[in-house]
Amino acid sequence: MIKTLTTCFVVCFAFMGFAQQTNLSPRIANYDIDVQLDVEQKKIIGSEQLTWKNTSSDTIETFPLHLYLNAFKNTESSFIKGWWEVPDNFTLQLFADKGWSSVDIKSIVDAAGNDLTKSMVYIHPDDDNDKDQTVASVTLAKPILPGEILDVNIKWNTTIPKAMVRSGYNKEFFFMGQWFPKIGVYEEAGTRYSEVGNWKCHQYHTNSEFYADFGSYNVDITVPKEYSIGATGALVKETETDSLKTYSYKADDVIDFAWAASPHFVLIEEEYKGINLRYFSYPDHSHMANRYFEILKHSLSFFEEYLEKYPYPNLTIIEPPFHGLHSRGMEYPTLLALGNICLLPEGVRTAEAFAVHEFTHQYFMQILASNEAEEPWLDEGLTSYFEARIMDQVYGSESSAVDFMGIQIGKTDMARKDFVHSSKAQTAKNNAPSWKYEDDSYQVISYFKTHTWLKTLEGLVGLETMDEIIKTYYKRWKFKHPCGKDFLTIIDEVVTKKHGNEFGSQVMNFVDQALNTTYTCDFKVVDIDNAENRESPEDYKSKVIVERVGEMILPVEIQITFRDGKTVNENWDGQTRRKEFSYNGKSKVESVQIDPERKLYIDKDYINNSYTSGKEENAIFKYATKFMIWMQNSMQSILVLA
Amino acid sequence: MFFGFNFIFALVCAWPLNNFLENTVGNSLSVKGSLENFNYPFVGDFLEKYGDNLSFMLNQSLVVSLAFLVLNIFLIGGVLTVFKNKAVTSRLTNFFRGATTLFWRMTRLSVYFTLIQGVLFAFFFLNIIFAAKNFSIVDLTSEYAVINTIKWTLPFYLFFATTVAMIHDYAKIHLAHNSRVGLFKNFWKSISVSIRNFPAYFSLYVLNIGTLALFFAAYWFVFSIKTADSFSMVLLSFVIGQLFLFGRVGFKLANLGSANALYHDTYLAQEIEKREKAEQEKREKELKIQKEKERKLVSTF
Ligand SMILES: [Zn+2]
């Protein structure tokens, strides 16, 4: 009897343990959504049951809702005002032609039947724009105590905007991201940077995308029968009536849900390691499926080996047609919106890079659900860094971005150049929130600058240490909300453990400068001076002068090569502006190279990193003769006009 | 000579670049890294630092190229004159006389044909822009609208552009042969002659272009085998490049020469035949008149 009972207990515990294991995330914000797409009126009619778990130790009296598409309600929204991409009158004309979008909340009713609709007010937590209506706050009839569940039903209608950024329609293509009333994230004191308990529910800005709690989504989407739907999660059911069709999708442990609809979609599917890859495109883009599948398989394998197997059963790609390209290049949980020109040459790997980038976000943004609005560098920067690592691994680091007509460009070199030579490189600090960037500096800084300093960090600490940093970060923070501070703590911890306190603090000093300042990094060899020693004429007194031109202080290696082939390696902490190295010996100094292994990707000028007393005539001769032949040929070609 | 000028003019452009590179990046080891392959970081850093100087040099090269174009218009006049009078002993005098007398009209001819080519290209290009709805993401449904338009119009465009270029060649030859005729009369005449002998002229032209294309392909193939990464290899590739250019110039002259020959065989031959026929008729007429006179004279007696 006791034995049976014990067995029973064991089984029960095992089952509980198993049940706990199957939930990857805390599932705080859960949605059952029923939505109908009116393709004629460009409207959605929606109803959602939102259940939110109060996992904090605070009592909750109000809750905020994202009403993202109100960004396209008028020109007064923070989104339109902060938009740099399209000229203003163009935007206005587009709105004037196609009509504004709006989210109409019809009713908000709690489980007890209390109508909360009237308590809803618009708030603007990020700026002082009181015309912005992308966030609303609702006051509860009865406060939610710690451990209790908020359960409300929301009915709403949305007029879908003509697509300009991410969501919207054009012709018969609908892309629905940031589309349903979505609850914010409650941070109790001690969470991330919060000193007191508060809601984080950012307005919809041009550059801000995600910050949300994990949850389960059950979404029924009803569309005209000829329409297909690609969506987050797995398709569990299709029901058809005379003219309509309902697609039921389910996704667990995700922070968002997006979908796309069109009557012209062609679906191509493939299975890889138990993951169902689905590709939705218009017929003229169906040939791109192979390019995407191929690189996505590499990416899936890379992360499976590097961090952990992709934990979802599906991965859906939406490839917008040309007229849907406003919705391209977006990541949603288990759904990637790609979008490329259909005749893209194989050697121009933007298609692959897009796919790798958006897929990498499944880890950095979705599983490591940081606050992208506040700290875009933390997900975009890490994503850009891994995008390059995967692309480099597959195509080689010197041609991972482009290998076309004799021109080779590597992903990391490209990101470096896009940052260090950008006129926007100094316009904001790396850790600025997404809505504080002026014009297009957002991408330059949060993507490319972060990428470049992460690569420099990798150079400084070595690949092994770098990998341990990322792996620790993942292990500690998966399915949670990490912040920049947490990432830096791990860098400090791992580097100090592996390389000691002194190097650890040098590295942290570099990270601090990269993140919190707009300093540039530039080292330069000023001169080599080989003087004959008067006392013994066969000896030389040689002097090497190096300079730190940029403000950024970094430890740097210097390699000195003598005429007899001997080399000396020096380490310089870079604290002072100038440094001299002196040598006495039988051989002159032939050349000097700062950062010989090229670890400091953040250095804005590699050309001045080295100096050789003899001129590099061969290469110059090559460039000059190439140019000459090119000129001769061009001259011959214009003779067509003679 | 054509090749020599080409060489010198390009040298005028390349020499300053060589010096500029030596003075700016000559002492950097990173140049060495760019010897083997296209080196994006080097090129990027260089353009960032010295891009303005480089674009100034490129603009200078453009001016030099235009001067080269004008010089060639001059030279072609001479060459065609030489082609015309093969029997003349003093070729050089003949050449310069031809070049100077024809220069002004040859230049104008080039301007007109450039305009025609420009209009043709504008038609082709605007048609694509129109099909692409100005490449508007909002309006253009699919890239295939553009691709299909190009597929349809490109052969037509190439055909017409080639034909115009061919007529330009014959107009030059015609001008050289009829140096006293007005430019426009010449222009129309050459069009009518080209159209009358279209199959022959066009076939020859396409044959010449085809040969040149093959030559080009061979050149590319040679260069795709190995990139130059040492001084001797760079020198070798330079020499091959020069040989290719020499060949290219040769082809250009061969094209003109063969067109000139064909012109002789067709138009001129016809003209001569016509003239001979006319002369014969004239002679016959005179003979008749003579006979008549003789008869009259006899009858008077
Ligand atoms: Zn991204």
Side-chain angles (χ1 to χ4, degrees), chain A residues 94 162-163 170-171 282 284 321-326 341-343 398 402 406-410 413-414 416-417 420-421 591 593 598 604-636 638-642, chain B residues 6-7 9-11 13-15 17-18 21-22 24-32 34-35 37-38 40-42 44-46 48-49 61 64-65 68-69 72-73 76 106 110 113-114 117 137-144 147 165 228 230-231 234-235 237-238 241-242 244-245 248-249 252:
Chain A
L94 211 57
K162 181 98 175 177
N170 191 11
K171 303 182 198 285
Y282 276 38
D284 59 355
F322 190 87
H323 60 273
L325 284 182
H326 279 307
I341 303 296
C342 63
L343 275 186
E398 268 159 31
V402 175
I407 291 179
Q408 283 111 22
I409 305 175
D413 291 332
M414 200 176 195
R416 170 191 169 264
K417 175 161 174 52
V420 297
H421 296 158
S591 64
Q593 169 93 60
R598 201 165 276 188
K604 65 184 270 190
D605 182 5
Y606 288 156
I607 294 173
N608 66 5
N609 278 20
S610 58
Y611 191 90
T612 170
S613 36
K615 286 203 192 275
E616 286 298 321
E617 271 157 354
N618 287 357
I620 289 175
F621 182 58
K622 179 176 171 176
Y623 275 107
T625 52
K626 264 197 163 181
F627 177 69
M628 184 166 160
I629 289 182
W630 181 77
M631 272 311 296
Q632 282 176 283
N633 273 308
S634 320
M635 283 179 182
Q636 281 303 320
I638 59 165
L639 287 193
V640 160
L641 304 176
Chain B
N6 182 253
F7 188 87
F9 272 66
L11 195 64
C13 300
W15 195 255
L17 180 80
N18 186 68
L21 287 175
E22 278 201 3
T24 51
V25 297
N27 289 98
S28 174
L29 290 170
S30 58
V31 187
K32 201 184 226 163
S34 67
L35 183 61
N37 279 316
F38 176 81
Y40 183 69
F42 173 72
D45 287 5
F46 181 79
E48 171 68 16
K49 229 174 162 177
S61 305
V64 174
S65 302
F68 180 71
L69 179 68
N72 267 271
I73 293 172
I76 285 173
M106 282 285 193
S110 289
F113 274 97
T114 305
Q117 291 284 14
I137 294 182
V138 180
D139 299 324
L140 177 62
T141 307
S142 163
E143 305 92 301
Y144 276 92
I147 294 161
S230 65
F231 181 76
V234 171
L235 196 66
S237 78
F238 181 67
Q242 292 309 323
F244 167 73
L245 272 151
R248 204 178 155 180
V249 173
K252 184 146 183 72

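Computed from a predicted structure; not experimentally measured.
Among B/Thr24, B/Ile76, B/Ile147, the residue with the largest count of heavy-atom pairs under 4.5 Å with chain A is B/Ile147. For the set A/Gln632, A/Met628, A/Lys171, A/Lys604, the count of heavy-atom pairs under 4.5 angstrom toward chain B peaks at A/Gln632. Counting heavy-atom pairs closer than 4.5 Å to chain A, the top-ranked of the candidates B/Ile73, B/Leu69, B/Leu245, B/Leu17 is B/Leu245. Your options are A/Arg598, A/Gln593, A/Arg416, A/Lys626, and the one with the most heavy-atom pairs under 4.5 Å with chain B is A/Arg416. Ranked by non-hydrogen atom pairs under 4.5 Å with chain A, the options B/Val25, B/Leu11, B/Val64, B/Val249 are led by B/Leu11. The greatest number of non-hydrogen atom pairs below 4.5 Å with chain B, out of A/Gly324, A/Ala624, A/Cys342, A/Pro321, is found for A/Cys342. Counting heavy-atom pairs closer than 4.5 Å to chain A, the top residue among B/Glu48, B/Met106, B/Gln242 is B/Glu48.
Proximity to chain B involves both the backbone and the side chain of A/Asp413, based on heavy atoms less than 4.5 angstrom apart. With a 4.5 angstrom heavy-atom cutoff, B/Phe244 touches chain A only via side-chain atoms. Of the two parts of A/Thr625, the backbone and the side chain both hold a non-hydrogen atom closer than 4.5 Å to a non-hydrogen atom of chain B. Looking at B/Phe238, both its backbone and its side chain come within 4.5 Å of chain A, counting heavy atoms on both sides.
For the pair B/Lys49/A/Asn608, a side-chain contact is recorded, criterion being any heavy-atom separation below 4.5 Å from C-beta on. Between A/His326 and A/Asn170, the closest side-chain pair of non-hydrogen atoms is not below 4.5 Å. Between A/Met635 and B/Asn72 there is no side-chain heavy-atom pair separated by less than 4.5 Å. Contact check for A/His323 versus B/Asp139: no side-chain heavy atoms found under the 4.5 Å cut-off.
For the residue pair A/Phe627 and B/Ser61, the shortest heavy atom distance occurs at CZ-OG, 3.7 Å. Contact detail for A/Lys417 and B/Tyr40: the closest heavy-atom pair is CD-OH, 3.3 Å.
By the side-chain hydrogen bond (donor to acceptor under 3.5 Å, both in side chains) test, B/Asn27 pairs with A/Lys615, sequence neighbours left out.
More than 12 heavy atoms of other residues, nucleotides or ligands sit less than 6.0 Å from atom CD of A/Gln636.
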